[in-house]
Protein chains: 2
Amino acid sequence: MDKKSPIKITLTERNDAVTITQWVYQTLRNAVMYGEILPGRALTIRELAGIMDVSPMPVREALRQLAAENALEIQGNRRVMVPKMTAMKFNELCEARIAIESHAAARALPYIDGERLEQLRSLDSLIDQAQEIGNLEQISLLNQNFHRALYTANPHQVTLPLIESLWLQLGPFMRLANNELDEHYLVDRHNEAMAAIEKKDAYALQIAISADIREGIAFAGTPEMLHALIENSGH
Amino acid sequence: MDKKSPIKITLTERNDAVTITQWVYQTLRNAVMYGEILPGRALTIRELAGIMDVSPMPVREALRQLAAENALEIQGNRRVMVPKMTAMKFNELCEARIAIESHAAARALPYIDGERLEQLRSLDSLIDQAQEIGNLEQISLLNQNFHRALYTANPHQVTLPLIESLWLQLGPFMRLANNELDEHYLVDRHNEAMAAIEKKDAYALQIAISADIREGIAFAGTPEMLHALIENSGH
DNA sequence: AATCATTGTTTGTGATCACAAAAGTTGAAA
DNA sequence: TTTCAACTTTTGTGATCACAAACAATGATT
């Protein structure tokens, strides 16, 4: 029997085209991103291997990769866990997002052609639809796709991996605000961004992206997460 | 016999306090950082294990970790190599450094106390000494330490891992300019940064850090690297 | 009752092996 | 000479095992 709190991980269908390590990596990455693993909970290789019904080897490699991306933390004890969050660290992560993503947006702007613009418009309207329904997970996913589509317009892009690392670290503690006021603001910011892109106005785009990030991030986690967020803020 | 060009890797003393994987990781990381491995050259686990006289296992883990940090690239063929550089990508990496590091500097400024200021001054004068002698490797190392000491003044720092990733990617292609004119500028920029820190002027600090990065980066690699830098720029 | 040494268990690390995919080589046909 | 198929070798992936360090539990001593 497990002495610690049990771990629930959403298992996706395993595609034979990808290696087991890749599948384990994606599964664990999603589990971290969606806050399925409690921060501070020790993760052991054999336990995860048992849950996912694979040998310890792919789990070892996936854990090391996630640790290298700052999604997991390896302590001196060689123990692996989701890093605990503090209010100050949360704020630093948000400010880092704003600095890097507004830079990435400005750098991508000159490369946005008609096709890319069409793709962005399509994502924008999909987000509007998802907001009508109120599907928060869908909104979050589409919002990521919108930002990714914007930054990857730059064919020499180098910051996306860094941005994804920040998303991973914020993931467990980040939810789109679900009250109507913030929804309204969100729509406006996206429209602002689209307008700035069409006018090729880099500065306006940075303003819009910054505002989108700042207003789109709101803490709405579970009580356990809220507790984990606060408990160590004095350290 | 090896069919490919042989790989020379500087082996450091192995400390019994660290695991073999950590030692392999640091060794390979240094090899990448100092451009000892030709971009595009395929790296095989067994070959590296043979060179470093360890089993394939630690090499596997170190390679995966370096790939997650964007220091190495895993192709679809499952082949691992140092990513090839292009002029555009080089430029993007430099601009990303400027954006992120000036942000990190501004965020660290409020936390710089007397002790940290003393440490920065000490590093600054050490850099001056190294420049008198003309020891480029020492200058590069001390310069990194200076930047690191500045950014880590912020106890809630989250961007250093991202910055180190950029350093790693630029490493093989980055050398401090060694003509006297640039040396002179470098000294000035450091002094500017120190002055901005003492005056707690965040904007002036960002200007100084940006200038330091922009002027401190100059391509001065080997002919092979220059060739590797250019050959694929059209792709 | 509290502290510390001791014992038993769990866990990460590193080595070795089997296997399938990829790369490299050879040789024949055009 | 060039092209393509068959064969051989190399290589990454994944599984299993041995071992030492870390952890948890137990018991003795003050």
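Values in this document were obtained by computation on a predicted structure and should not be read as measured data. Note: hydrogens, waters and symmetry copies are ignored here, and every other heavy atom, side chains too, is used. Order of the sequence lines fixes the chain letters, A, B, ..., with proteins taken first and strands second; residue numbering starts at 1 for each chain.
Regarding B:Arg79, its CZ atom lies at a distance of 11 Å from the P atom of C:dA22, rounded to whole Å. The CZ-P distance, from B:Arg41 to D:dT11, rounds to 10 Å in whole Å. Separating the CE atom of B:Met52 from the C1' atom of C:dA15 is a distance of 16 Å, rounded to the nearest angstrom. Note: CD (A:Gln75) to P (C:dG12) measures 12 Å, nearest angstrom. Atom CD of A:Glu61 and atom P of C:dG12 are 15 Å apart (whole Å). Taking atom CE of B:Met81 as the reference point, atom C1' of D:dT11 lies 17 Å away to the nearest angstrom. Rounding to whole angstrom units, CD1 of residue A:Ile45 and C1' of D:dA15 are separated by 14 Å. Distance CD (A:Gln22) to C1' (D:dT13): 11 Å, rounded to an integer number of Å.
Counting distance only, with no hydrogens placed and no angle test, the side-chain atoms of A:Arg46 and the base atoms of C:dG12 include a donor-acceptor pair under 3.5 Å. The base of C:dG14 lies outside donor-acceptor range of the side chain of B:Arg60, with no N or O pair under 3.5 Å.
Note on B:Leu48: nothing from the nucleic acid sits closer than 4.0 angstrom, heavy atoms only. Counting any heavy atom pair closer than 4.0 Å across all strands shown, A:Arg78 reaches sugar-phosphate atoms only and no base atom. In this structure, A:Leu43 reaches the sugar-phosphate backbone alone: every heavy-atom distance under 4.0 Å involves primed, P, OP1 or OP2 atoms, never a base.
Remark: B:Asn15 CG is packed, more than 12 non-hydrogen atoms of other residues, nucleotides or ligands lying under 6.0 Å away.
For A:Ser55, the listed nucleotide lying nearest its side chain is D:dT16; candidates were C:dA23, C:dG14, D:dT16. Closest approach to the A:Asn77 side chain among D:dA22, C:dG14, C:dT11 is made by D:dA22 (side chain taken as heavy atoms from C-beta onward). Of all nucleotides listed (D:dG14, D:dC23, C:dG14), C:dG14 comes nearest to the side chain of B:Ile20. Each of C:dT16, C:dG12, C:dG14 was ranked by its minimum atom distance to the side chain of A:Thr44; first place goes to C:dG12.
Mapping A:Val80 and A:Met57 onto DNA chain C via the closest heavy atom, the residue that lands nearer the 5' end is A:Val80.
Using modelled atom types, one finds a donor on one side chain and an acceptor on the other under 3.5 Å when comparing B:Tyr25 with B:Glu69. There is a side-chain donor-acceptor pair under 3.5 Å between A:Thr159 and A:Gln157. A side-chain donor-acceptor contact under 3.5 Å links B:Gln22 and B:Thr19. In this structure, a donor-acceptor pair under 3.5 Å is present between the side chains of B:Glu36 and B:Thr10.
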